[in-house]
There are 2 protein chains.
Amino acid sequence: MKPHPASISDIAKALGVAPSTVSRALRDHPDISPATRNRVKEFAARVNYRPNALALGLKHQRSMTIGIVIPELVHFFFSSVLSGIEEVAYSKGYRVMICQSADDLKREALNVQALLDHQVDGMLISISKSTVEYGHLFRIVDREIPVVFFDRVCDEIDSDRVLTDDFEAARAITSHLLQGSRKRILHLAAPQHLAIGRERYHGYLRALQDHEADTADELVIHCDTPDKVRELREHILNLAPSIDGVFAVNDITAITAMHLLQDAGYAVPEQIGIAGFGDDPISGMIRPGLTTVEQKGYDMGKSAVTMLLERLELPEKEVPSRLEVFPATLKIRDSSRKP
Amino acid sequence: MKPHPASISDIAKALGVAPSTVSRALRDHPDISPATRNRVKEFAARVNYRPNALALGLKHQRSMTIGIVIPELVHFFFSSVLSGIEEVAYSKGYRVMICQSADDLKREALNVQALLDHQVDGMLISISKSTVEYGHLFRIVDREIPVVFFDRVCDEIDSDRVLTDDFEAARAITSHLLQGSRKRILHLAAPQHLAIGRERYHGYLRALQDHEADTADELVIHCDTPDKVRELREHILNLAPSIDGVFAVNDITAITAMHLLQDAGYAVPEQIGIAGFGDDPISGMIRPGLTTVEQKGYDMGKSAVTMLLERLELPEKEVPSRLEVFPATLKIRDSSRKP
DNA sequence: TTGAAAGCGCTAACAC
DNA sequence: GTGTTAGCGCTTTCAA
């Protein structure tokens with residue numbers, strides 16, 4: 001049988017005092033005499049006493065745990081956000097429970113429910129690509145559990161958000177692609193029901209308008225993963241002769257497209273300039289380096305938990321929803337050099 | 001104030017029955033009459049009843065939560081292991097608590113303690129680079145909490161492990177580098193107090209011996225991160241004229257070294273062949289592609305949780321510690337083509 | 001300064 | 001077939 005870790009009442013029995021006395025002694029309650037306090041503390045240290053977080057959570061209605069739901073752990077952006085979250089959360093005594101939705105609405109809903117069941121004190125969420133229905137998210141606010149959305153936010157819910165200035169970033173990087181003689185930029189876009197998809201598309205569009213470039217619809221295709229690039233291979237190669245630039249909604253898609261075009265004989269950046277989004281470390285390591293938008297995942301993560309923890313620390317205060325927008329910084333590399 | 005979610009006793013009161021009846025009805029206890037069972041279930045569904053995982057955990061001494069401690073979330077290998085873990089754990093009704101040690105012994109120890117405090121049912125651990133003292137790990141086995149170590153295992157503790165066949169992988173890839181006329185291979189090694197460091201070094205050494213290549217000590221340097229490569233820049237460049245191959249303990253280090261050498265005018269693979277370890281996605285995307293060893297992180301993760309869950313499901317059974325070794329598969333790419 | 005008792009939400013042994 | 005009670009580990013009134 002398991003060596004039961006010492007509980008408060010074990011200590012109380014051993015010392016011939018009441019559990020409440022032990023409890024008070026351990027948390028330095030002023031009423032307790034120094035003598036008993038020391039006696040309790042010493043004994044507790046000797047038997048390696050540790051408070052049971054489950055019991056504490058049940059008692060205080062506060063689990064000191066925050067729930068996180070993201071699409072995919074293995075993407076650099078998300079793992080760096082997570083890293084930032086974990087860093088801050090731990091330093092403040094919170095633990096994190098992490099779930100992946102795998103970009104699936106049903107799993108996202110199950111994850112949210114599981115986290116609610118575990119009585120998380122708050123949640124940090126980046127919604128899945130297939131999240132077109134928000135019942136599970138409303139359930140969180142119904143229970144008045146604070147949520148902060150990051151990157152892939154849910155516009156239908158009034159809550160704190162942390163995001164990148166997607167519109168401006170997309171506008172700036174498309175504008176940069178158009179600096180030379182380029183006129184026809186292919187946009188590999190994210191689903192338009194996601195705010196990031198819309199914002200980046202509209203930023204792209206604005207840049208085209210500003211430069212009086214070609215805004216043909218055929219230049220925008222829904223394609224946001226390497227797999228999609230391979231699937232749309234023929235389609236992209238058919239367009240290739242008529243384009244001189246590509247702006248993809250993320251880096252790995254941009255790189256996959258770049259390789260596709262290079263393998264088909266196009267010179268990058270001479271014939272076609274390429275730009276991505278996110279500044280995945282890979283982008284600085286390939287040759288030519290991929291021009292992209294820096295997205296400070298780690299800092300966004302820290303910022304998102306910080307917002308959340310503030311709400312947790314002062315639950316009464318009716319603070320209106322806050323929006324934090326991280327400015328976009330272009331990372332210009334060789335893939336977009338002027339033609 | 002918060003809208004308190006319905007509890008079993010709330011339901012009991014509303015329906016005029018005892019809490020135990022509600023509890024039994026909800027879990028389909030045979031004693032309960034179909035009539036009351038339905039009445040309870042319907043009402044529970046209507047008020048959106050959900051069991052409180054904290055209370056359950058406290059009651060059953062079983063939190064349905066597993067703790068994970070890894071060095072760094074943002075490394076592809078670890079995030080893919082995690083992804084595999086999460087996948088299986090969730091499907092079996094377990095949640096995961098994740099901590100990063102940041103390769104720091106003290107943080108690792110704090111993390112382990114925090115997870116114990118949270119009454120995790122088991123742990124999955126990959127130890128930090130600076131873990132040279134194991135008190136915190138022994139505390140886990142003292143409490144008879146099952147642990148599975150993966151990749152960076154702790155030899156001093158008798159427990160389940162999941163790892164790559166590091167020795168054989170290192171031997172094979174070094175041997176591959178030596179196929180042509182290569183004779184002097186630089187090894188960028190991990191710390192030797194880590195089993196993976198030792199195994200990969202010894203595999204490298206064995207290959208050198210098999211091929212009667214140069215086994216000079218100066219050809220082995222402790223260098224396992226891009227930062228270390230930059231720090232040891234001069235040292236590596238001094239060695240460069242005399243070497244014709246590099247085997248690094250991980251891919252990003254290999255790539256950083258490759259770029260360093262290329263920038264200094266060395267041709268890869270013509271003058272110097274390069275190989276890494278881990279098959280980070282980046283390795284297939286750079287040109288020349290990096291020759292490396294496939295490390296099935298996702299599968300290792302699944303395998304590790306599966307072992308752990310087996311122990312959790314049959315705690316009495318005295319199963320001896322198991323060791324699962326994933327075979328090494330070489331990924332030969334252009335960075336190591338025969339000279 | 002300390003103790004006794006109740007309760008957080010849930011279940012299980014024991015009544016009836 | 002259902003209710004009563006105790007208890008998981010902890011804190012917190014209230015009483016002494």
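OP1 or OP2 of D/dT12 sits under 4.0 Å from a side-chain N or O of A/His60. Considering only side-chain N and O atoms, B/Gln119 lies nowhere under 4.0 angstrom from the phosphate OP1 or OP2 of D/dG9. Look at B/Ser20 and you won't find any side-chain N or O under 4.0 angstrom from OP1 or OP2 of C/dT11. For B/Ser23 and C/dC10, the shortest distance from a side-chain N or O to OP1 or OP2 is not below 4.0 Å. Remark: A/His29 is not in phosphate contact with D/dT11, judged by side-chain N or O atoms under 4.0 Å from OP1 or OP2.
For A/Ala55, counting side-chain heavy atoms from C-beta on, the closest listed nucleotide (C/dT1, D/dG9, C/dG3) is D/dG9. Among the nucleotides D/dC8, C/dG3, D/dT2, the one closest to any side-chain atom of B/Leu58 is D/dC8.
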So what is the 5' to 3' dot-bracket string for DNA chain C, if pairs are Watson-Crick or G-U wobble with both distances under 3.5 Å, crossing pairs use [ ] and | means the partner sits on another strand? ||||||||||||||||

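Nearest-nucleotide mapping onto DNA chain C: of B/Arg24 and B/Leu54, the residue sitting toward the 5' end is B/Leu54. Residue A/Asp31 is the one, among A/Asp31 and A/Pro19, whose nearest nucleotide of DNA chain C lies closer to the 5' end (criterion: closest heavy atom).
The stretch residues 5-13 of chain B has no heavy atom under 4.0 Å from DNA chain D, so no residue of it qualifies as close.
Between A/Asp31 and A/Arg24 there is no salt bridge, since none of the side-chain N atoms of the basic residue sits less than 4.0 Å from a carboxylate O of the acidic one. No salt bridge links B/Lys129 with B/Glu72; every basic N to acidic carboxylate O contact stays at or beyond 4.0 Å.
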